[in-house]
Amino acid sequence: MIAFVSGPVAALAPTTAVIEVGGIGMAVQCSPHTLADLRIGQQARLATSLVVREDSLTLYGFADDDQRQVFELLQTASGVGPRLAQAMLAVHSPDALRLAVSADDEKALTAVPGIGRKGAQKLLLELKDRLGEPVGAHIGRQGIGTAVSSSWREQLQAALIGLGYATREADEAVSAVAPQAEAALAEGAQPPVPQLLRAALQTLNRAR
């Protein structure tokens, strides 16, 4: 397996980067987000996953090892090939996908081209115990982050916006679950953000 490629960027196309490795140009399929960070002539290092088919060998490239790992885990779900897995990572970061799966958020998955409501429901079931919990401090398509010390309101709102909801929708959902958070605070406990997120997503799904 080719774990990564490193070298100067020789060429860029809408879906492909060519990395020169030891005098050989390696064509690597990348998401638009990954390609946006590359410049012709500059050094690049891409984590890669080699997909072998009877009639082709295709190298997929990612900005880091976490994206590559999630790309490969997504393909363990039935009906998910490399193109759909890459499309999912083009829309959501690895942590946003983990959060969407752990919170049973259909809307986040149906935001990916090629995934309908039934497909999203099936993926949520199959990926539930495979992706794990979010591992980084940043959540969402645009790298929206939440510091551990942030208030529950800030954490919840940032997570919802990171999953693609509008600020107004996030605000309304936060207000809807505020009584649960206030009840926890009244008992001297920290509001359970994961549980609050699930409750907030339920209110948003009912409002659709």
Side-chain angles (χ1 to χ4, degrees), residues 1-101 105 107-116 118-120 122-124 126-127 129-145 162-164:
M1 175 182 173
I2 302 174
F4 70 90
V5 294
S6 179
V9 180
L12 293 171
T15 60
T16 308
V18 177
I19 309 297
E20 183 179 342
V21 181
I24 299 174
M26 306 286 288
V28 186
Q29 297 288 316
C30 302
S31 70
H33 178 74
T34 299
L35 290 170
D37 292 333
L38 303 179
R39 300 291 183 273
I40 293 177
Q42 293 185 2
Q43 290 288 317
R45 183 186 187 280
L46 296 176
T48 56
S49 179
L50 181 63
V51 176
V52 180
R53 296 288 186 264
E54 289 185 2
D55 58 349
S56 66
L57 296 173
T58 306
L59 200 60
Y60 288 84
F62 310 91
D64 55 45
D65 293 334
D66 190 31
Q67 290 184 21
R68 190 225 0 240
Q69 181 183 22
V70 171
F71 171 78
E72 293 173 348
L73 286 172
L74 289 172
Q75 292 177 73
T76 64
S78 59
V80 178
R83 292 187 182 277
L84 182 56
Q86 190 178 57
M88 293 172 75
L89 285 167
V91 175
H92 297 298
S93 71
D95 267 0
L97 284 171
R98 292 186 182 103
L99 188 58
V101 171
D105 186 9
K107 182 177 179 180
L109 294 188
T110 55
V112 178
I115 298 180
K118 288 185 178 179
K122 185 176 180 181
L123 286 173
L124 289 173
E126 292 195 28
L127 295 172
D129 300 320
R130 302 183 191 181
L131 295 186
E133 295 296 321
V135 297
H138 292 77
I139 298 173
R141 284 180 285 182
Q142 306 301 326
I144 295 173
L163 287 171

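Everything quoted here is computed from the prediction, not taken from an experiment. Residue numbers start at 1 and run along the sequence shown. Atoms considered below: every heavy atom in the structure, side chains included; atoms not considered: hydrogens, waters and symmetry mates.
- In terms of heavy-atom proximity, L127 sits nearest to A77 at CD2-CB, 3.9 Å.
- Summarising the geometry, atom CD belonging to E72 is positioned 14.0 Å from atom CZ belonging to R130; distances are rounded to the nearest 0.5 Å.
- When all heavy atoms of A108 and H92 are compared, the closest pair comes out as O-NE2, 2.7 Å.
- In terms of heavy-atom proximity, A27 sits nearest to L59 at O-CB, 3.8 Å.
- When each of L84, V112, L97, T34 is checked for a side-chain contact (heavy atoms from CB on, under 4.5 Å) with L89, only L97 meets the rule.
- Minimum heavy-atom separation, E126 to T76: OE1-O, 4.5 Å.
- Of all the heavy atoms in A47 and D65, the pair that sits closest is CB-OD1, 3.4 Å.
- Atom CD1 of I19 sits about 12.0 Å away from atom CZ of R45, to the nearest 0.5 Å.
- At most 12 heavy atoms of other shown residues, nucleotides or ligands fall within 6.0 angstrom of atom CZ in R83.
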- Message: The test is side-chain contact (heavy atoms from CB on, under 4.5 Å); show your working for Q86 and L74 and say whether it passes.
- Response: CA-CA 9 Å; Q86 190 178 57; L74 289 172; over 6 Å; no

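- Note that CG of L12 is 6.0 Å distant from CG of L38, once rounded to the nearest 0.5 Å.
- Between the OH atom of Y60 and the SG atom of C30 there is a distance of 11.0 Å, given to the nearest 0.5 Å.
- Considering all non-hydrogen atoms of both residues, V91 and P113 come closest at CG2-CD, 4.1 Å.
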